[in-house]
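Remember, it's a predicted structure, so these values are computed and weren't measured experimentally.
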Amino acid sequence: YGGLKEGQVVNRLKDEYLKEKRKTQTAEDVLKDFEKTISDIQLIEEMEQSVYENNFEGFYLYYQPQIDAKTHKVVSSEALLRYESPTKGIVYPNNFIPLLERTQMIRDVGMWVLDTALAQCAQWRKTIPNMGVSVNFSAIQLQQEDIAEKLLNTIVKHGLPANALTIELTECIELEESLQYSECFAKLRQAGVHVAIDDFGTGYANLSYLKKIQADQLKIDQIFVRDL
């Protein structure tokens with residue numbers, strides 16, 4: 001689209017998109033899909049700028065305390081990733097995290113989350129000696145061949161024991177079937193890192209999965225306990 005300005009390019013793309021999609025969808029549905037696609041592209045561009053140019057500006061963590069049921073004391077905290085867009089404001093995790101995974105930016109953002117959460121854990125341990133922290137990891141992050149080494153090196157960087165960290169995984173078939181993941185989990189467990197399965201029961205759940213992952217913790221999804 002040489003010679004066209006940015007707004008003109010979007011309009012041209014919109015016209016071509018609508019023309020093609022109207023063959024199988026209503027005009028209203030096509031328009032919604034197009035607007036969602038453009039919005040996703042804009043969000044991806046903003047996050048790319050944040051990750052690769054602005055030191056993760058806009059990303060931040062919330063910490064959800066985890067309480068020991070017997071002592072009623074805080075023993076750990078889960079790091080929850082959030083993002084505030086300069087143009088869209090607060091963006092919900094279910095909107096931006098899939099885009100991070102699709103573009104594999106989740107690898108860089110995930111390491112930033114790990115580094116930030118462990119730094120915070122080190123601060124907490126000055127007053128709560130055995131405080132731990134949980135960080136979510138996806139299958140895409142764990143596909144990196146040296147991910148176990150990166151995790152362990154980051155723990156050492158902050159002067160923490162390996163058992164201060166729990167990595168939380170969302171159950172999926174890839175984690176069970178790949179030998180690479182099994183080897184990664186074995187290295188982490190051997191070092192002392194805890195492994196937890198998050199939202200257990202909503203995805204690819206069976207006894208074989210539990211045997212191969214050998215998780216230290218299961219976090220049952222709320223749909224199974226809501227009415228208890």
Enquirer: Out of curiosity, R125 CZ to L118 CG, how far, rounded to the nearest 0.5 Å?
Expert: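 If I round to the nearest 0.5 Å, the distance is 10.0 Å.
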Enquirer: Kindly indicate, with the supporting measurements, whether the criterion side-chain hydrogen bond (donor to acceptor under 3.5 Å, both in side chains) is fulfilled by E46 and T87.
Expert: CA-CA 9 Å; E46 288 180 1; T87 61; 2.4 Å; yes
Enquirer: What's the shortest heavy-atom distance between P129 and T127, and which atoms?
Expert: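 Looking at all heavy atoms of both residues, the shortest contact is CD-O, 3.6 Å.
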Enquirer: Set out, in order, the CA-CA distance, both residues' side-chain angles and the distance that settles side-chain hydrogen bond (donor to acceptor under 3.5 Å, both in side chains) for S50 and E57, then state yes or no.
Expert: CA-CA 5 Å; S50 169; E57 182 179 358; over 6 Å; no
Enquirer: In terms of heavy-atom contacts, does CD of Q190 have more than 12 from other residues, nucleotides or ligands at under 6.0 Å?
Expert: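 Atom CD in Q190 is not crowded, with 12 or fewer foreign heavy atoms closer than 6.0 Å.
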Enquirer: I want to check something: taking the side chain as every heavy atom from C-beta on, are M47 and T103 in contact at a cut-off of under 4.5 Å?
Expert: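 Counting from C-beta outward, M47 and T103 never come under 4.5 Å.
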Enquirer: So how far is it from I106 CD1 to L99 CG, rounded to the nearest 0.5 Å?
Expert: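 Result: 10.5 Å between the selected atoms.
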Enquirer: Go through the steps to decide whether L81 and L61 satisfy the test side-chain contact (heavy atoms from CB on, under 4.5 Å), and finish with yes or no.
Expert: CA-CA 5 Å; L81 179 62; L61 300 181; 4.1 Å; yes
Enquirer: Identify whether Y52 and M111 are in the same connected component of the hydrophobic contact network (ILVMFWY, side-chain heavy atoms under 4.5 Å).
Expert: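 Yes, Y52 and M111 fall within the same hydrophobic cluster.
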Enquirer: Would you say R189 and V195 make side-chain contact, with heavy atoms under 4.5 Å?
Expert: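 In contact.
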Enquirer: Can you give me the closest heavy-atom contact between L152 and A191, atom names plus distance?
Expert: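 Closest approach of L152 to A191, heavy atoms only: CD2-CB, 3.6 Å.
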Enquirer: With side-chain contact (heavy atoms from CB on, under 4.5 Å) as the test, would you mind laying out the steps for S85 and Q42 before giving the verdict?
Expert: CA-CA 10 Å; S85 160; Q42 291 171 339; over 6 Å; no
Enquirer: Tell me the closest heavy-atom pair linking A79 and V135, and the distance in Å.
Expert: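 Looks like CB-CG2, 4.5 Å.
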Enquirer: Test your reading of the model: is there a side-chain donor-acceptor pair from N54 to the backbone of F56, 3.5 Å cut-off?
Expert: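 No.
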Enquirer: Can any side-chain N or O of R82 pair as donor or acceptor with the backbone N or O of Y60 at less than 3.5 Å?
Expert: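 No, R82 side chain to Y60 backbone: no donor-acceptor pair under 3.5 Å.
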Enquirer: Do you know the tightest heavy-atom contact between L142 and I147?
Expert: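 Shortest heavy-atom contact: O-CG2, 3.9 Å.
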Enquirer: Looking at CG of D108 and CD of E48, how far apart are the two atoms once the value is rounded to the nearest 0.5 Å?
Expert: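 The CD atom of E48 is 11.0 Å from CG of D108, to the nearest 0.5 Å.
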Enquirer: For S77 and P65, which heavy atoms make the closest approach, and how far apart are they?
Expert: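 Distance-wise, the nearest heavy atoms are OG-N, 3.8 Å.
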Enquirer: If we ignore hydrogens and angles and just use 3.5 Å, is the side chain of T116 paired with the main-chain N or O of V113 as donor and acceptor?
Expert: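 No, T116 side chain to V113 backbone: no donor-acceptor pair under 3.5 Å.
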Enquirer: In Å and rounded to the nearest 0.5 Å, what is the CG to NE2 distance from N153 to H158?
Expert: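 Going from CG on N153 over to NE2 on H158, the span is 11.0 Å.
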Enquirer: Looking only at heavy atoms, which two atoms of L165 and V193 are closest? And how far apart?
Expert: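 So the two residues come closest at O-CG1, 3.5 Å.
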Enquirer: Has T154 got a side-chain atom pairing as donor or acceptor with D115's backbone, closer than 3.5 angstrom?
Expert: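 Flag not set: sc T154 to bb D115 has no pair under 3.5 Å.
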Enquirer: So how far is it from L169 CG to F137 CZ, rounded to the nearest 0.5 Å?
Expert: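 Here the rounded value is 9.0 Å.
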Enquirer: Nearest 0.5 Å, please: how far is OG in S134 from NE2 in H194?
Expert: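 Rounded to the nearest 0.5 Å, the NE2-OG separation comes out at 9.0 Å.
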Enquirer: Can N95 and Y83 be said to form a side-chain hydrogen bond (donor to acceptor under 3.5 Å, both in side chains), step by step?
Expert: CA-CA 10 Å; N95 289 329; Y83 178 67; over 6 Å; no
Enquirer: Between L80 and V109, is there a shared hydrophobic cluster once you connect ILVMFWY residues whose side-chain heavy atoms come closer than 4.5 Å?
Expert: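 Result: no, two separate clusters.
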Enquirer: Is there a donor-acceptor contact under 3.5 Å from the side chain of R107 to the main chain of I140?
Expert: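 Pair found, side chain donor or acceptor close to backbone of I140.
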Enquirer: Would you say L114 ends up clustered with V156 if hydrophobic residues are merged whenever their side chains have heavy atoms under 4.5 Å apart, either directly or through other cluster members?
Expert: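 Result: no, two separate clusters.
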Enquirer: Mind checking whether W124 and V74 sit in one hydrophobic cluster, side chains of I, L, V, M, F, W, Y counted as touching below 4.5 Å?
Expert: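 Yes, one cluster joins them.
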Enquirer: Please report the C-alpha distance between S76 and Q66 in whole Å, then the side-chain angles of each, then the deciding distance to 0.1 Å, and finally whether the side-chain hydrogen bond (donor to acceptor under 3.5 Å, both in side chains) criterion is met.
Expert: CA-CA 5 Å; S76 184; Q66 297 175 334; 3.3 Å; yes
Enquirer: Test V91 against E84 for side-chain contact (heavy atoms from CB on, under 4.5 Å), laying out the working first.
Expert: CA-CA 6 Å; V91 182; E84 184 171 359; over 6 Å; no
Enquirer: Flag the pair K187 and E149 as a salt bridge only when some basic side-chain nitrogen lies within less than 4.0 angstrom of an acidic carboxylate oxygen.
Expert: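 Yes.
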Enquirer: For the residue pair W112 and F59, categorise the inter-ring angle as parallel (less than 30°), tilted (30 to 60°) or perpendicular (more than 60°).
Expert: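 Plane angle between 30° and 60°, so tilted.
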